[in-house]
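Each remark here refers to the structure printed beneath this line.
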Amino acid sequence: MRSLKTFLVVLVLGAVLPGLVFGIATSWWLARQMQRTAEQEGQAIAAQLGDSVGEHVHLVSSAMKTLARSPSLGEDDL
């Protein structure tokens, strides 16, 4: 016959262990979800920044081309 101490230890482990395993699994899953969300948001921000920089470069390039066609600049008449 088992002792009362052994029975109580098994009873406590049987009650605590499933909750502990569930808590660890849930925490791991939530951390993974947060990591995926952060990666997706980072990629979206990088894409927006790339588009913004590309648009700015296009505008500056257009302005430079317009200035390059100016006859006054060609004659050093500023």
Side-chain angles (χ1 to χ4, degrees):
M1 185 170 184
R2 294 184 181 172
S3 69
L4 181 60
K5 185 177 181 180
T6 304
F7 178 72
L8 289 176
V9 167
V10 170
L11 183 64
V12 168
L13 286 177
V16 172
L17 200 56
L20 185 61
V21 169
F22 178 75
I24 290 171
T26 302
S27 296
W28 178 81
W29 181 78
L30 286 173
R32 189 73 183 122
Q33 290 298 106
M34 289 175 65
Q35 181 182 9
R36 287 182 185 142
T37 301
E39 287 174 359
Q40 290 171 349
E41 289 176 355
Q43 289 173 350
I45 290 171
Q48 289 174 347
L49 284 173
D51 291 344
S52 179
V53 168
E55 182 179 339
H56 184 71
V57 167
H58 177 71
L59 291 173
V60 170
S61 175
S62 296
M64 299 291 267
K65 287 177 185 176
T66 301
L67 287 173
R69 290 188 196 114
S70 170
S72 297
L73 284 177
E75 299 169 359
D76 289 333
D77 181 20
L78 300 178

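Other residues, nucleotides and ligands contribute over 12 non-hydrogen atoms within 6.0 Å of the CD atom of Glu39.
Residue pairs meeting the side chain to side chain donor-acceptor pair (under 3.5 Å) criterion with at least one partner in residues 5-31, sequence neighbours excluded, are Ser3-Thr6.
Not a single donor-acceptor pair under 3.5 Å links the side chain of Ser61 to the backbone N or O of Val57.
Once rounded to the nearest 0.5 Å, the distance linking OG1 of Thr37 with CZ of Arg32 reads 10.5 Å.
Applying the side-chain hydrogen bond (donor to acceptor under 3.5 Å, both in side chains) rule to Gln33 yields the partners Arg36; only residues at least two apart in sequence or on another chain are considered.
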